[in-house]
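Have a look at the structure below, then the notes.
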Number of protein chains: 2
Amino acid sequence: MNGQPSARNRLLDAAEELAFTQGVAATPVDRILQRANVAPATLYAHFGNKEGLIAEALRRRLQNWDAAWLREIDAAATDRDRLLAVFPALTSYRSGASAARWCAALGVAAETVDPGQQLAETLSQDTQLLTDRFRELAVPVVGADDADAVAAHLLLIFTGVLGMLLRGSSPEEASATGRATAGFVIDGFASSRSAG
Amino acid sequence: MNGQPSARNRLLDAAEELAFTQGVAATPVDRILQRANVAPATLYAHFGNKEGLIAEALRRRLQNWDAAWLREIDAAATDRDRLLAVFPALTSYRSGASAARWCAALGVAAETVDPGQQLAETLSQDTQLLTDRFRELAVPVVGADDADAVAAHLLLIFTGVLGMLLRGSSPEEASATGRATAGFVIDGFASSRSAG
DNA sequence: GTCTATATCCTGATAGAC
DNA sequence: GTCTATCAGGATATAGAC
């Protein structure tokens, strides 16, 4: 009944704030424990090991991102804006509390050669979520026949926006460029559609 | 005068083959030494420390990539194909001897929070090389006024292609999608040019 | 569920001989 | 320039009490 979050949630918060900004391997368990103000044994009781903690933090983060994306989709006025809503969603999500260096999921994928099962599953869920929703949102814009292709392009562009953060680009700049790139692709498909 | 490469080159080869596929942090110095068949002291005599070795391997790799890209540009027939030559260059480069998991430079950037000076310099050179050459190649295709913008789009798209490798995509698939994405962007700029 | 204290291993890097 | 042998520190994870 006190205001203090549980040790479990403090651990997840600390893991997110440290491991997803500094890198998982570069973040010793000790530092997570110190920040969470939690004893080692408590971490292993809850999550089994370090990877279990990271996997759970990643799952939670994926859910939060999904929610932020859906909010931005709801706020959009046209089908086209809904399809492009990932880009404003990214900047608004990143300006919120949690700021990974680029993308938590891709970051973990990049430094984990052979991920455990739960970790691999969460990582593929990220790609799956993006692909599925892009496809769904693309149908009213370019038609069902081209929805798969447009989804593939958007996934690549969005991944490129995230990668640009590693190249030192600002989220706003990368996101704006990506949105414009996506616009060209959508226009290209739309015009070939009206022409056909 | 024997056929055996020098200890220095064996170290660079081993570092490239191990650190850029398994990750730098996940690759202990011991394993590099073992693969290179070299004693620890030799590594530190040549490169100072682990980061020095990685930085040098990255520089060498960047040069090789540049050469491969230039070859592909020379082989292209039209201005447009020269601008799009990065994509076939990527697949041909990756099918060669050295195969990083996605991109050696971005991979190092992803797991290095605070890179040392030589490492940071090499990383920014990668982005700089891409940006400068894209701009140069874009001029005859879309004109000098739009060359900067097109270069920014191509950098993002190319970064996206590399990132797709982390999502499990094949190089051929990612490269083909990226080339198509770039085509839409170029066509968009070219048509607005002829319209203006 | 949580803490204190510790076990165990492995890492990057160095000393000193040749 | 290269080797053998080793140091000192820090990593993950566990034991056992409360």
Side-chain angles (χ1 to χ4, degrees), chain A residues 1-58 60 107-108 111-119, chain B residues 1-58 60 107-108 111-119:
Chain A
M1 279 300 175
N2 58 15
Q4 169 100 309
S6 69
R8 180 188 158 88
N9 278 331
R10 293 204 307 277
L11 282 169
L12 288 171
D13 290 341
E16 182 166 359
E17 290 162 17
L18 292 175
F20 296 157
T21 56
Q22 314 285 325
V24 176
T27 304
V29 175
D30 297 15
R31 224 175 303 162
I32 299 178
L33 295 169
Q34 192 178 348
R35 181 167 190 130
N37 201 23
V38 159
T42 306
L43 186 158
Y44 293 96
H46 276 286
F47 302 101
N49 56 22
K50 184 183 180 181
E51 178 168 323
L53 170 62
I54 300 297
E56 185 59 34
L58 205 55
R60 203 183 59 162
V108 171
E111 61 178 323
T112 311
V113 196
D114 187 20
Q117 193 177 8
Q118 40 177 356
L119 204 47
Chain B
M1 279 296 173
N2 57 16
Q4 169 102 309
S6 69
R8 180 188 159 88
N9 278 332
R10 293 204 307 278
L11 281 168
L12 288 171
D13 290 341
E16 182 166 1
E17 290 162 16
L18 291 175
F20 296 158
T21 55
Q22 314 287 323
V24 177
T27 303
V29 175
D30 297 15
R31 223 175 302 163
I32 299 177
L33 294 169
Q34 191 177 349
R35 180 168 190 128
N37 202 20
V38 159
T42 306
L43 187 158
Y44 293 96
H46 277 285
F47 302 102
N49 55 22
K50 184 182 180 181
E51 177 168 323
L53 170 62
I54 299 298
E56 186 59 34
L58 206 54
R60 203 184 59 162
V108 171
E111 60 179 324
T112 311
V113 195
D114 187 20
Q117 192 176 7
Q118 40 177 356
L119 202 47

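Chain A is the first sequence line, chain B the second, and so forth, proteins listed ahead of strands; every chain is numbered from 1.
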* To do: Check whether any side-chain heavy atom of Thr42(B) lies under 4.5 Å from a side-chain heavy atom of Leu33(B), and answer yes or no.
  =>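 No - every pair of side-chain heavy atoms lies 4.5 Å or more apart.
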
Taking [Y]'s backbone N and O only, do any of them form a donor-acceptor pair with [X]'s side chain (distance below 3.5 Å, no angle check)?
{"X": "Lys50(A)", "Y": "Val24(A)", "result": "yes"}
{"X": "Thr112(A)", "Y": "Pro115(A)", "result": "no"}
{"X": "Arg10(A)", "Y": "Pro5(A)", "result": "yes"}
{"X": "Glu51(A)", "Y": "Gly116(A)", "result": "yes"}

* To do: Output yes when Arg60(A) and Asp13(A) qualify as a salt bridge under the 4.0 Å nitrogen-oxygen rule, no when they do not.
  =>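 Answer for the salt bridge query: yes.
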
* Check every strand shown and say whether Asp30(A) touches a base, only sugar-phosphate, or nothing at a heavy-atom separation below 4.0 Å. =>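 Base: the residue Asp30(A), judged by heavy atoms under 4.0 Å, touches a nucleobase.
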
Could you state the atom-to-atom distance from [atom1] of [X] to [atom2] of [N] in whole Å?
{"X": "Leu43(B)", "N": "dA13(C)", "atom1": "CG", "atom2": "P", "answer": "9 Å"}
{"X": "Tyr44(B)", "N": "dA5(D)", "atom1": "OH", "atom2": "C1'", "answer": "15 Å"}
{"X": "Phe47(B)", "N": "dT14(C)", "atom1": "CZ", "atom2": "C1'", "answer": "18 Å"}
{"X": "Asn49(B)", "N": "dG9(D)", "atom1": "CG", "atom2": "C1'", "answer": "17 Å"}
{"X": "Ile32(B)", "N": "dG12(C)", "atom1": "CD1", "atom2": "C1'", "answer": "11 Å"}

Pick out the pairs of N or O atoms, protein on one side and nucleotides 2-5 of chain C on the other, that lie under 3.5 Å.
from, atom 1, to, atom 2, distance (Å)
dT2(C), OP2, His46(A), NE2, 2.9
dC3(C), OP2, Ala39(A), N, 2.9
dC3(C), OP2, Thr42(A), OG1, 3.3

* **Residues touching DNA chain D, which here means a heavy atom under 4.0 Å, drawn from residues 14-24 of chain B** =>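 Per residue number, the list is empty: none.
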
* **Test side chain to side chain contact (heavy atoms under 4.5 Å, CB included) applied to Ile54(B) and Phe47(B), step by step** => CA-CA 9 Å; Ile54(B) 299 298; Phe47(B) 302 102; over 6 Å; no

* Residues Glu56(B), Arg8(B); criterion side chain to side chain contact (heavy atoms under 4.5 Å, CB included); working and verdict -> CA-CA 11 Å; Glu56(B) 186 59 34; Arg8(B) 180 188 159 88; 3.7 Å; yes

